[in-house]
Number of protein chains: 2
Amino acid sequence: MTVLEQTTRARAAALALAGATRAAKDAGLHAMADALNEAGTAVLEANAADVARAEAAGTSAALVDRLRLTPDRVAGMVDGLRQVAALPDPVGDVVRGWTNPDGVQVRQLRVPFGVVGIIYEARPNVTADAAGLCLKSGNASLLRGSSSAAESNRAVVDALRAGLVEAGLPADAVQLVPGPRAVTDELMAARGQVDVLIPRGGAGLIEHVVRHAQVPVIETGVGNCHLVVDASADPAMALEILLNAKVQRPSVCNAVETLLVHADAAATFLPLALPALAAAGVTVHGDARVATYGDVVPATEEDWGTEYLSLDLAAAVVDDLDAALAHVRRWSTGHSETIVTGSQRSAARFTAEVDAAAVLVNASSRFVDGGELGFGAEIGISTQKLHARGPMGLAEMTSTKYVVTGSGQTRR
Amino acid sequence: MTVLEQTTRARAAALALAGATRAAKDAGLHAMADALNEAGTAVLEANAADVARAEAAGTSAALVDRLRLTPDRVAGMVDGLRQVAALPDPVGDVVRGWTNPDGVQVRQLRVPFGVVGIIYEARPNVTADAAGLCLKSGNASLLRGSSSAAESNRAVVDALRAGLVEAGLPADAVQLVPGPRAVTDELMAARGQVDVLIPRGGAGLIEHVVRHAQVPVIETGVGNCHLVVDASADPAMALEILLNAKVQRPSVCNAVETLLVHADAAATFLPLALPALAAAGVTVHGDARVATYGDVVPATEEDWGTEYLSLDLAAAVVDDLDAALAHVRRWSTGHSETIVTGSQRSAARFTAEVDAAAVLVNASSRFVDGGELGFGAEIGISTQKLHARGPMGLAEMTSTKYVVTGSGQTRR
């Protein structure tokens, strides 16, 4: 099937989904979960083939781990679909509404986008997660996964589509988009056919999609996140937040990558922090002033711009809050930026002046996540300023429509 | 100055604007209005030079009319700035806010985009309007006007910048972006430097910017708008709405371009409508079934896709509401679509199934406008689904930021 044939089928399915009740969509999600559960063995067999192919090709262990499904991971996908069914339906929510002086009634309602394309890398669990969030928000999904996960994704999507049919919903509401690399380009050029593209994966993938797509894109997730320890920070609080934000799950976008210590706090904080970081297995890439407090790998310019996603941390001493703000302005990817401070004035300046999806005061950046913020689920964390910024839940998977109702009014 | 130098200055100005109070911005807007008022003669002289150049080049009368400023039009620009000063400031509005069970406080605040680029055609009044709306929403503006209006735009921007300086705000909050065509391409490629691009003008301009920009774009305004006269429509109401939507101001995007009449209403409605349209100076491009009720220009396929922006109207008889919905789905640009009906069921189907920024029942599509909807002012009408859809007021000129405040909380 060509991409155009797939998008045409997706548009037809989207029309049906837009009119589906919450009950119908939730029944669809549970049927998808049941079908995926029943297909568990087939999914694991397909995944074993993908994993064997990846290993034979000499793929890195980390990548193979992302690709690998286990009975637990399949169960997680099944549970995820049921959790999405339990969330409120954003479609039809009245965002605003009023009556004009002439009696014309105006309501702004949430409506689905229509057709959402997801371009993603090796994790096959994204297939079920994205399909579920799209379905609940009334959108047909076109799932462009990685060729390395082709058989796993095929097995998952076959099960999801069988579930949709079981529930009386169109199978084409969820479609895998297979084929060579050129297919991704076709998807990115499908203006008018695909309403929104959401790339999920590494910085290279996201940058490629943002630069080349003619379809509107929601940019997600690159997080070069900073933690500033202000002069007035409580050292124990700063250390606890730093360790949590760096160590609790270093591979995710809301983990801290650079520590900036106010010069007045350095002599107290760094002798505490450096041994604690070392004990936690963190390699510190420090500037010359940090190096005076302990053994560090010398930091280069490149370190300030790196999203390590590992147990590495860039660290510098800054003269004052202005220098910290300038460093963040220069290197931030606009994801999540944190200050630990006892000063109301520093907190106010930092929250006002830092331009990021989330700005945190005396709390771990690991809270910047749809689940933690109470959205129930998330399709990703937007680092762009249009449409949605920060964690994207179901409401962020919708557009709006004005419905204007009169009794014959015309404009003067 | 290069585009990069201009964007760098704009970013510095945006940082100052983001921290400016409403009072400071309103004072800036009034100072801009005062300065523009004082510069009235200089602006009119500059405009006379642009107009003379356009006439010498054989530019069409309609285009020259758009380009021409009069004392009234300049006064309109001055008043527009003062009206924007009177509107509420969206920046700092709390969109949502809550406290998590662990005591972490979350607020989602409106913040400026930062630097907004406006790419527009011959109307020099857009220069002041766009600069004013950007300033009020805390954004620095880069104004890429048409070369045909170069001297007018220069005179207007000189006045606006003098006003900003008078009010103690950075002059670089408002910059004209002059230069050859390649400069537009540079602006469209300035990812990371320009936060949002808003093209304002004809379909060709908008399509070009949407297709080629790497900076996020808000697509505005092409309106191939339909009016459906349902079987159960009150013929008098339908005629009044049709005439208003077609004739009151035919050159704007929310004017009706195609009339679709339900077969059961045709024999009653068309013998009323065709003479009334003719009397109002409207040329009807009708299909064969419309032609049985009066003299019309035979409609071709092209008519269904044309946004006339003139006293022309495409017209067809459709078998039923399904056929009307299919026609709208095929040809709509997703701006404003209207049904006149006495049937609750038809109204519900139309509002649910038509995918457009605004869907109207028994009211003129001319109401789809920021002023009419009560937004006070508008930068344009978005026909895209991301970020803003429909008329864009000041709130739509902002992004948001999550501010997360704790007392040392970390994630478990």
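Chain letters run A, B, ... following the sequence lines, proteins first and then strands; every chain starts at 1.
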(request) May I have the step-by-step check of side-chain contact (heavy atoms from CB on, under 4.5 Å) for B:Met237 and A:Gln409, ending in yes or no? (result) CA-CA 9 Å; B:Met237 185 199 288; A:Gln409 287 89 340; over 6 Å; no

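- In this structure, chain A has no heavy atom under 4.5 Å from any part of B:Val215.
- At a 4.5 Å heavy-atom cutoff, B:Arg107 makes no contact with chain A through either its backbone or its side chain.
- Considering only heavy-atom pairs separated by less than 4.5 Å from chain B, the leading option among A:Gly408, A:Ser364, A:Ala236, A:Ala363 is A:Gly408.
- When the heavy atoms of residues 12-20 of chain B are compared with those of chain A, the residues falling under 4.5 Å are B:Leu15, listed by number.
- Scanning residues 385-392 of chain A against chain B with a 4.5 Å non-hydrogen threshold yields A:Lys385, A:Leu386, A:His387, A:Arg389, A:Gly390, A:Pro391, sorted by number.
- B:Asp355 and A:Lys401 are not joined by a salt bridge, as no carboxylate oxygen comes within less than 4.0 angstrom of a charged side-chain nitrogen.
- For B:Arg96, the CZ atom is densely surrounded, since the number of other residues' heavy atoms within 6.0 Å is greater than 12.
- Using a 4.5 Å cut-off on side-chain heavy atoms (C-beta onward), A:Glu207 and B:Arg191 make contact.
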(request) Begin with the C-alpha distance, continue with both residues' side-chain angles, and end with the deciding distance and a verdict on side-chain contact (heavy atoms from CB on, under 4.5 Å) for B:Tyr402 and A:Val359. (result) CA-CA 6 Å; B:Tyr402 285 99; A:Val359 185; over 6 Å; no

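- Residue contact with chain B, scored on non-hydrogen atoms closer than 4.5 Å, involves the backbone of A:Ala356 exclusively.
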(request) Verify side-chain contact (heavy atoms from CB on, under 4.5 Å) between A:Val403 and B:Phe350, making sure each step is shown before the conclusion. (result) CA-CA 10 Å; A:Val403 173; B:Phe350 195 80; over 6 Å; no

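- In this structure, the portion of B:Gln248 lying under 4.5 Å from any heavy atom of chain A is its side chain and not its backbone.
- The backbone N or O of B:Arg366 sits less than 3.5 Å from a side-chain atom of A:Arg411, completing a donor-acceptor pair.
- A donor-acceptor pair under 3.5 Å is absent between the side-chain atoms of A:Asn244 and the main chain of B:Thr410, judged by distance alone.
- The contact between B:Glu372 and chain A is made by backbone and side chain atoms together, counting heavy-atom distances below 4.5 Å.
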(request) In sequence, state the C-alpha distance, the side-chain angles, and the governing distance for B:Val106 and A:Leu373, and then conclude on side-chain contact (heavy atoms from CB on, under 4.5 Å). (result) CA-CA 8 Å; B:Val106 182; A:Leu373 292 187; 3.8 Å; yes

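- Chain B forms the most heavy-atom pairs under 4.5 Å with one residue out of A:Val111, A:Val368, A:Val354, A:Ile339, and that residue is A:Val354.
- The part of A:Arg412 that comes within reach of chain B is its backbone (N, CA, C, O), which places non-hydrogen atoms under 4.5 angstrom from that chain.
- Interface remark: A:Asp234 contributes no atoms to any contact with chain B (heavy atom separation under 4.5 Å).
- Put simply, of B:Arg11, B:Arg329, B:His212, the one with the most heavy-atom pairs under 4.5 Å next to chain A is B:Arg329.
- With a 4.5 angstrom heavy-atom cutoff, B:Arg211 touches chain A via backbone and side-chain atoms both.
- For the set B:Asp369, B:Thr398, B:Leu360, B:Leu109, the count of heavy-atom pairs under 4.5 angstrom toward chain A peaks at B:Leu360.
- Heavy atoms closer than 4.5 Å to chain A are found nowhere in B:Val340, neither backbone nor side chain.
- Between chain B and the options A:Val210, A:Val104, A:Val196, the largest number of non-hydrogen pairs under 4.5 Å is found for A:Val210.
- Distance check: B:Asp195 CG to A:Gln384 CD gives 11.0 Å after rounding to the nearest 0.5 Å.
- Using a 4.5 Å cut-off between heavy atoms, A:Arg349 does not touch chain B at all.
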